[in-house]
**Student:** 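Before I ask anything, here is the structure I am working with.
Computation of the quantities below employed the complete heavy-atom set of this structure, encompassing side-chain atoms and omitting hydrogens, waters and symmetry-equivalent molecules. Order of appearance sets the numbers: ligands from 1, and atoms from 1 within every ligand.
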Amino acid sequence: MTKTAFLRPRSAPPEPMESLTGLLREWLPLQRWFAGKDRPVTDLGVLSMTELFPGCLHVLVHAAHGGVPAPGGTTPAGDCYQLLLGVREHPSPRLGRAIIGRVTDGRLAGATVHDALHDPRAAQLLLERLRRPGAAGPLRFECDASQQVPAGLVPRLMTAEQSNSSLVYGDEYILKVFRRIQPGVNPDLEVPGALARQGCHRVPAPVAWLHTTYPFTATLGVLQPYLRDASDGWTLALDALAAGDDFTAQAHALGRATADVHLALSSAFPVGAPGENRRTAAAMTERLTDAAHAVPALQPFVPGLRAAFAALATCDAGPPAQRIHGDLHLGQVLRAGREWFVIDFEGEPSRPLSERRSAHSPVRDIAGMLRSFDYAARQRRPWRPEWARRCREAYCAGYAARAGWDPRKKHGLLRAYETDRAVYEVLYEARHRPDWLPVPMAAIERLAVRGD
Ligand SMILES: Nc1ncnc2c1ncn2[C@@H]1O[C@H](COP(=O)(O)OP(=O)(O)O)[C@@H](O)[C@H]1O
Ligand SMILES: O=P(O)(O)O[C@H]1O[C@H](CO)[C@@H](O[C@H]2O[C@H](CO)[C@@H](O)[C@H](O)[C@H]2O)[C@H](O)[C@H]1O
């Protein structure tokens with residue numbers, strides 16, 4: 001293969017287990033970032049394969065779920081995933097669990113493949129490609145010409161629970177390699193780029209990025225500055241709870257930071273009409289119906305939850321719809337020095353990209369963060385509802401101080417958005433972390449029965 005060889009996939013009948021696709025079909029569902037865990041993979045096909053550098057293939061695969069739509073109906077019956085595959089005749093034993101298997105059939109017969117993001121040499125070469133604009137087959141590497149990324153930064157793969165995979169380089173940059181790929185620009189490139197142009201300092205700005213032009217145009221990865229001494233809000237909140245510390249000053253500052261980001265977003269992107277509550281309520285009700293189908297534990301609460309959405313339809317119009325974060329929680333905010341920063345603008349991973357890129361009520365983000373204080377307070381026994389209540393108050397007060405309107409005065413909106421978020425969390429936990437299901441279920445019970 002030449003350095004930029006791009007292999008168009010061959011259409012072929014289902015291959016045996018020892019083929020590359022056979023191995024990947026077994027391996028893919030075991031990965032943390034695999035989104036289709038609740039449905040069997042009925043077929044796996046290679047969409048594109050490009051040699052990134054010798055011994056490393058960039059591969060897009062399609063995992064089909066045999067016509068079984070995802071609960072919630074938001075994803076088609078299959079997804080595209082991005083893989084970087086190391087190909088070696090004699091793999092180093094140091095690769096350990098990164099090894100996917102030995103291919104005995106097809107074009108790669110005789111080679112052992114591994115997840116190349118675990119291989120420091122491959123990670124280094126990937127950064128080298130990103131440092132300079134260029135192309136490899138359908139892949140395009142672009143960068144902010146005003147930034148100089150130094151050569152030779154030492155990579156490490158992050159071990160955090162993630163929806164994607166991230167490499168940290170020399171504690172100076174972090175590269176997020178998107179795993180589930182959808183056509184179009186990823187909001188995690190689009191939004192931080194637009195906010196940087198607004199001069200918003202709350203969001204690390206993209207320094208370099210990678211996209212593909214085949215089999216569709218899509219963002220594949222983004223490099224941004226690494227906030228070296230940062231702690232995420234989730235860790236800080238749990239530490240505060242463990243120590244019995246107050247977290248209201250932090251929550252207040254976080255409310256202000258959220259409002260800063262919302263204000264910058266409303267300048268950077270078109271703003272819609274104030275909330276079309278009736279349509280939003282209908283969409284929330286539909287999501288609830290689908291979720292209750294997928295997670296039967298929700299069913300007894302459906303009437304109470306529907307009441308929250310019915311009430312939304314009659315609420316006063318709230319703040320105008322605008323671009324928002326879309327999946328705001330304590331794990332998406334980093335405290336560095338005395339400031340809060342906001343990361344990960346992808347939105348809720350299971351929603352279609354077009355929906356994630358459209359305008360929504362900023363109340364959705366606020367509700368996401370309020371739910372997160374509740375999640376944190378439920379990590380310890382006895383549960384600390386008072387801690388969560390005070391954080392929620394402080395967060396809303398901080399938001400109001402900056403935004404000029406107070407979320408606490410939008411009770412109907414807030415209740416509906418919190419309910420919608422808790423329904424999403426039930427689905428998320430049922431799919432990814434069934435042990436955590438009681439956390440959002442407790443909120444479901446509260447919102448359905450008491451409505452507060
Ligand atoms: N710019 C950054 N500086 C420092 N840490 C970061 C940065 N971006 C992400 N991280 C760390 O990486 C983790 C995962 O990032 P995130 O964008 O949320 O990935 P994912 O979408 O895969 O969950 C975060 O929780 C945070 O700890
Ligand atoms: O992977 P992402 O960070 O994009 O978000 C997904 O995973 C989150 C968990 O890692 C999940 O968040 C839920 O759990 C958090 C605690 O781990 C809690 O702070 C959040 O409030 C709660 O929603 C998030 O919903 C999901 O989209």
**Student:** Mind checking whether Ala160 has a heavy atom under 4.0 Å from ligand 1?
**Tutor:**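 Not so, Ala160 does not reach ligand 1.
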**Student:** For ligand 1, is there an atom lying under 4.0 Å from some heavy atom of Ala336?
**Tutor:**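 Judged by the 4.0 Å heavy-atom criterion, Ala336 does not count as contacting ligand 1.
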**Student:** Would you say the side chains of Glu346 and Asn164 form a donor-acceptor pair under 3.5 Å?
**Tutor:**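 Looking only at side-chain atoms, Asn164 and Glu346 do form a donor-acceptor pair, the distance falling under 3.5 Å.
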**Student:** Counting only heavy atoms closer than 4.0 Å, does ligand 2 sit against the backbone of Glu348, its side chain, both, or neither?
**Tutor:**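 Neither; nothing of Glu348 gets under 4.0 Å from ligand 2.
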**Student:** Taking the basic N atoms (NZ, or NE/NH1/NH2) and the acidic carboxylate oxygens, is any pair closer than 4.0 Å for Arg421 and Asp327?
**Tutor:**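 Yes, this pair counts.
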**Student:** Taking only non-hydrogen atoms of Ser163, do any sit less than 4.0 angstrom from ligand 1?
**Tutor:**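 Yes.
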**Student:** Give a yes-or-no answer on whether the side chains of His360 and Glu355 include a donor-acceptor pair shorter than 3.5 Å.
**Tutor:**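 Their side chains do not contain a donor-acceptor pair, so the 3.5 Å distance test is not met.
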**Student:** Below a 4.0 angstrom heavy-atom separation, can you tell me which part of His432, side chain or backbone, both or neither, approaches ligand 2?
**Tutor:**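 None of His432 does.
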**Student:** Considering only heavy atoms, does Val168 approach ligand 1 within less than 4.0 Å through its side chain, its backbone, both, or neither?
**Tutor:**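 It is neither part, as no heavy atom is under 4.0 Å.
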**Student:** One thing to verify: whether Arg287 and Asp290 come together as a salt bridge, which I'm taking to mean a side-chain N less than 4.0 angstrom from a carboxylate O.
**Tutor:**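 No, this pair does not count.
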**Student:** So which bit of Gln224 gets within less than 4.0 Å of ligand 1, heavy atoms only: side chain, backbone, both or neither?
**Tutor:**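 Contact part for Gln224 vs ligand 1: side chain (C-beta onward).
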**Student:** Strictly under 4.0 Å, does any heavy atom of Gln162 approach an atom of ligand 2?
**Tutor:**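 No heavy atom of Gln162 comes that close to ligand 2.
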**Student:** Is Gln379 touching ligand 2 with its side chain, its backbone, both, or neither, if touching means heavy atoms under 4.0 Å apart?
**Tutor:**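 Neither; no heavy atom under 4.0 Å.
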**Student:** Looking at ligand 1, would Ser166 count as a contact under a 4.0 Å heavy-atom criterion?
**Tutor:**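 Under 4.0 Å: no for Ser166.
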**Student:** With backbone taken as N, CA, C and O and side chain as the heavy atoms from C-beta onward, which portion of Ile174 lies under 4.0 Å from ligand 1: side chain, backbone, both, or neither?
**Tutor:**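 Side chain only.
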**Student:** Can a donor-acceptor pair be found between the side chains of Ser163 and Arg179 at a distance below 3.5 Å?
**Tutor:**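 Their side chains do not contain a donor-acceptor pair, so the 3.5 Å distance test is not met.
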**Student:** Tell me which one of Ile343, Asp188, Asp232 gets a heavy atom nearest to atom 26 (C) of ligand 1.
**Tutor:**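 Shortest heavy-atom distance from atom 26 (C) of ligand 1: Ile343.
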**Student:** Short list, please: which atoms of ligand 1 are under 4.0 Å from a heavy atom of Glu346?
**Tutor:**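 Selected atoms, number and element: 21 (O).
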**Student:** Considering only the protein, which heavy-atom contact is closest to atom 25 (O) of ligand 1, and what is its distance?
**Tutor:**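 I find the closest protein heavy atom is Gly331 O, 3.6 Å.
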**Student:** Only heavy atoms of Pro204, strictly under 4.0 Å: list the atoms of ligand 1 that pass.
**Tutor:**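 Those qualifying, in numeric order: 1 (N).
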**Student:** Only heavy atoms of Pro225, strictly under 4.0 Å: list the atoms of ligand 1 that pass.
**Tutor:**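 Within the 4.0 Å cut-off of Pro225, ligand 1 contributes 1 (N), 2 (C).
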**Student:** Please identify which atoms of ligand 1 are closer than 4.0 Å to at least one heavy atom of Gln332.
**Tutor:**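 Once the distances to Gln332 are compared, the set is 18 (O).
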**Student:** In terms of atom number and element, which parts of ligand 1 are under 4.0 angstrom from non-hydrogen atoms of Lys176?
**Tutor:**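 Once the distances to Lys176 are compared, the set is 16 (P), 17 (O), 19 (O), 20 (P), 21 (O).
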